[in-house]
Number of protein chains: 2
Amino acid sequence: MSDESARELALLLRRLNVELDAVTARFAELHGLNRTDVRALVAIMDAARRGEALTAGRLGEAVDLRSASVTALVDRLEKVGHLRRTRDAQDRRRVVLEMSDSARVAGHEHFGGLARELTAAMAGYTEDELAVVRRWLEDMTAVITRHSRAQPDGA
Amino acid sequence: MSDESARELALLLRRLNVELDAVTARFAELHGLNRTDVRALVAIMDAARRGEALTAGRLGEAVDLRSASVTALVDRLEKVGHLRRTRDAQDRRRVVLEMSDSARVAGHEHFGGLARELTAAMAGYTEDELAVVRRWLEDMTAVITRHSRAQPDGA
DNA sequence: CGTAATCTCTCGACGATCGAGATAATCGAC
DNA sequence: GTCGATTATCTCGATCGTCGAGAGATTACG
């Protein structure tokens with residue numbers, strides 16, 4: 001392969017990244033949320049998919065916010081009805097967060113819809129082709145992950 | 001192809017998106033900038049690559065900020081030496097923005113380094129394989145772009 | 001028990017963004 | 001040329017998201 005092809009793909013990837021961000025921004029705007037709120041809802045949905053219920057602290061780790069900000073964040077989402085606070089019965093210091101049905105529906109409508117469209121667009125590809133794409137995505141993700149984790153203490 | 005493969009690829013894409021965001025966040029942290037500042041520098045660099053010099057107003061359109069915020073943004077970047085303000089000679093209302101060498105070097109070091117690593121990781125692929133990846137990226141980008149632009153007035 | 005550790009919340013401060021309006025420069029009609 | 005309308009940027013005051021410090025409540029452990 002040529003460096004030319006590789007550079008083109010890198011640029012395509014960046015453009016795709018920008019457009020994906022726009023999808024998030026659009027969802028946020030439609031629902032009167034900010035970027036962090038959306039990231040939080042996604043984190044809670046992802047956790048739910050894994051069968052866990054996030055606590056306030058875990059959510060803070062997931063979206064990289066301090067406890068004071070998490071309190072404000074949860075206040076916002078609870079006020080508009082996207083979230084419920086519940087004291088954990090086992091450990092009553094903890095606050096368990098549960099998404100409301102309205103938030104779940106909104107999320108599925110927006111992001112689920114996108115997932116369906118993406119799936120449909122992949123209908124024209126053979127399994128072999130998608131295997132190549134998958135390998136490429138995994139390789140690129142590995143490189144990017146390594147890059148973003150490099151020399152974490154500013155050495 | 002199966003829906004299973006498609007869904008996996010969609011998830012991989014999302015993960016890649018998250019990691020790319022982390023690269024940006026890391027660059028910002030290393031240089032004491034926020035996300036918007038980085039997006040602004042990238043926009044100015046991209047424009048320079050196209051042979052244009054951005055004005056304050058154009059930059060605001062590029063990063064979706066109002067003029068008051070652009071003024072503050074440029075103040076920040078100028079204060080730390082990443083940017084220079086220059087009055088446009090033809091139209092003296094305009095403020096032309098030019099990146100300093102230090103910002104250019106920092107950007108090339110961080111993002112150029114990543115680009116090199118990505119290119120290297122693609123060395124093991126044939127041109128045919130990369131052509132498949134490129135077609136796939138273009139298709140997915142088209143779907144995502146359409147999705148983020150849909151029904152712009154909340155219909 | 002009692003002391004330390006953990007989890008969330010409150011409070012005050014700071015920074016990024018915005019709307020409204022001010023200032024300055026350009027354009028267009030006459 | 002001159003004057004009003006338009007364009008480009010900046011100033012000011014307000015709002016909102018985030019944070020550090022520390023308080024309050026609960027649990028863990030000796």
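Note that these values count all heavy atoms, side chains included, but never hydrogens, waters or copies made by symmetry.
As judged by a 4.0 angstrom heavy-atom cut-off over every strand, A/Ala68 is placed among the base-contacting residues. No engagement by B/Leu73 is indicated, since no non-hydrogen atom pair under 4.0 Å with the nucleic acid exists.
Nucleotide C/dA16 holds its C1' atom 12 Å from the CG atom of B/Asp75, rounded to whole Å. As rounded to whole Å, 9 Å separates atom P of D/dC10 from atom CD of B/Glu78. To the nearest angstrom, C1' of C/dT23 lies 10 Å from CZ of B/Arg87. Between the CG atom of B/Leu77 and the C1' atom of C/dA16 there is a distance of 13 Å, rounded to whole Å. The nearest whole Å value for the distance from the CD atom in A/Gln90 to the P atom in D/dA25 is 22 Å. For the pair B/Glu61 CD and D/dA8 P, the interatomic distance rounds to 9 Å; values are reported in whole Å. Residue B/Leu65 contributes atom CG, which lies 18 Å from atom P of C/dG15 at whole-angstrom precision. Summarising the geometry, the separation between NZ on A/Lys79 and P on C/dC9 is reported as 14 Å, rounded to the nearest angstrom.
Between the side chain of B/Ser67 and the base of D/dC10, at least one donor-acceptor pair of N or O atoms lies under 3.5 Å. Counting atom types as modelled, A/Arg93 pairs a side-chain N or O with a base atom of C/dT6 as donor and acceptor under 3.5 Å.
Under the 6.0 Å cut-off for aromatic ring centres, B/His147 and A/His110 qualify, their centroids lying closer than that.
Comparing atom distances between the B/Thr36 side chain and each of D/dG20, C/dT17, C/dC9 picks out C/dT17 as nearest. In this structure, of D/dT26, C/dT17, D/dC19, it is D/dC19 that holds the atom nearest to the side chain of A/Arg66.
Side chain of B/Glu129 to main chain of B/Thr126: a donor-acceptor pair is present (N/O by atom type, distance under 3.5 Å, no hydrogens or angles).
Shown here for B/Leu114 and B/Val23, the closest heavy-atom pair between the two residues is CD2-CG1, 4.1 Å. Closest of all the heavy-atom pairs between A/Val70 and A/Gly60 is CG2-CA, 3.5 Å. Residue B/Gly107 comes nearest to B/Met45 through the heavy atom pair CA-CE, 4.0 Å, listed as atom of the first residue, atom of the second, then distance.
Mapping A/Asp64 and A/Asp91 onto DNA chain D by nearest heavy atom places A/Asp64 at the nucleotide closer to the 5' end.
OP1 or OP2 of D/dT18 has at least one side-chain nitrogen or oxygen of A/Arg76 nearer than 4.0 Å. OP1 or OP2 of C/dC7 has not a single side-chain nitrogen or oxygen of A/Thr55 nearer than 4.0 Å. Phosphate contact (OP1/OP2 of C/dT8, side-chain N/O of A/Arg85, threshold under 4.0 Å): absent. The phosphate of D/dC10 has OP1 or OP2 within less than 4.0 Å of a side-chain N or O from B/Thr71. For A/Ser69, no side-chain nitrogen or oxygen approaches OP1 or OP2 of D/dG17 to under 4.0 Å. Applying the 4.0 Å criterion to OP1 and OP2 of D/dA8, one finds that B/Arg94 has a side-chain N or O inside that range.
Look at B/Arg85 and B/Asp75 and you find a salt bridge, because one of the NZ, NE, NH1 or NH2 atoms lies within 4.0 Å of a carboxylate O, short of that distance.
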